[in-house]
Amino acid sequence: TRMDSGKRLAGCAAIDRSEERHMSDADLQAGGRNLTCLMAAAWNQHDGEAYASLFTDDCVYIAYDGTWLRSREANARQHSKLFDSVLKGSRLVFEPEIRVVGLAPDIAIMHAFGSVLLPWQAEVSAGRRSIQTYVLVRAAAGWRIRSFHNARYRPRQLPGGILLGLIEAWMELRAQLAGRRRVKSSV
């Protein structure tokens with residue numbers, strides 16, 4: 001059964017819309033957590049329309065693989081196809097740490113770790129852990145996502161010492177062979 005995107009879902013908080021236009025940090029964090037709760041609920045019911053309803057009409061959605069969707073309609077269409085095929089039975093899960101920073105009374109930026117578990121997975125594998133950046137706008141229905149960018153989380157440490165020197169020498173040699181001089185690193 002499809003989820004009614006207008007009703008509150010179990011486990012997702014109701015947000016009091018009567019507050020002042022400027023939200024406290026605690027209210028911003030709660031709004032972000034609620035939005036991720038709604039996203040997970042729609043995803044876990046495999047409802048592309050409900051998932052896309054959390055985005056603005058003119059949203060920009062960039063998936064981990066570089067897929068670039070440019071509207072709520074494209075988002076709904078793409079996720080409906082995914083839920084009916086390669087993401088059938090998948091679950092969206094978020095880690096507890098969600099950071100939301102207000103940029104203006106009705107605009108915020110949010111960072112969250114949200115990952116997709118495939119039907120046979122009980123835990124997020126290191127290779128599927130993802131981090132997202134969201135630009136949120138406040139609408140009558142609550143916070144909506146204007147822009148979303150998803151990336152796999154695979155941080156790398158820059159080597160130091162002799163290994164860094166060898167890498168820099170290799171890059172310099174490659175640049176010279178290509179006929180360009182590389183600018184020296186200040187790291």
Kindly compute the distance separating [atom1] ([X]) from [atom2] ([Y]), expressed to the nearest 0.5 Å.
X	Y	atom1	atom2	result
Q176	M171	CD	CE	12.5 Å
Q78	E73	CD	CD	13.0 Å
R70	D58	CZ	CG	13.0 Å
L54	N75	CG	CG	9.0 Å
F113	R99	CZ	CZ	9.0 Å

Looking at [X] and [Y], what are the two nearest heavy atoms and their distance?
X	Y	answer
L118	L87	CD2-CD2, 4.1 Å
V100	G32	CG2-CA, 3.9 Å
L164	P159	CB-O, 3.4 Å
S90	N44	O-OD1, 4.2 Å

[X] with [Y], same ILVMFWY side-chain cluster at under 4.5 Å:
X	Y	value
M39	Y153	no
I131	I62	no
L38	V93	no
V135	I98	no

So with a 6.0 Å cut-off around [atom1] of [X], is the heavy-atom count from everything else above 12?
X	atom1	answer
Q121	CD	yes
L103	CG	yes
R129	CZ	yes

(request) Just do the side-chain contact (heavy atoms from CB on, under 4.5 Å) check on F83 and K88 with the steps written out, would you? (result) CA-CA 5 Å; F83 295 147; K88 184 177 252 174; over 6 Å; no
(request) Examine R152 relative to Y64 and say whether NZ or CZ is less than 6.0 Å from the centre of the six-membered ring and inside a 45° cone about the ring axis. (result)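 Verdict for Y64: a cation-pi partner in R152.
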Are the side chain of [X] and the backbone of [Y] linked by a donor-acceptor contact shorter than 3.5 Å?
X	Y	answer
S80	R77	no
R128	V116	yes
S130	S115	no
R33	P96	no
R72	C59	no

(message) What I'd like to find out is whether the side chain of I145 reaches to under 4.5 Å of the side chain of L136, using heavy atoms alone.
(response)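 They are in contact (side-chain heavy atoms under 4.5 Å apart), so the answer is yes.
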(message) Are the side chains of L28 and V101 in contact, using a 4.5 Å heavy-atom criterion?
(response) no
(request) For M110 and W143, run side-chain contact (heavy atoms from CB on, under 4.5 Å): C-alpha distance rounded to whole Å, both residues' side-chain angles, the deciding distance at 0.1 Å, then the answer. (result) CA-CA 11 Å; M110 179 171 79; W143 289 102; over 6 Å; no
(request) Please check if the distance between the ring centroids of H79 and Y61 is under 6.0 Å. (result) yes
(message) As a quick check of understanding, evaluate side-chain contact (heavy atoms from CB on, under 4.5 Å) for F94 and Q132, giving each step before the final call.
(response) CA-CA 10 Å; F94 286 91; Q132 298 84 35; 4.1 Å; yes
(request) Could you tell me which residues satisfy side chain to side chain donor-acceptor pair (under 3.5 Å) with S71, sequence neighbours excluded, listed by chain and number? (result) none
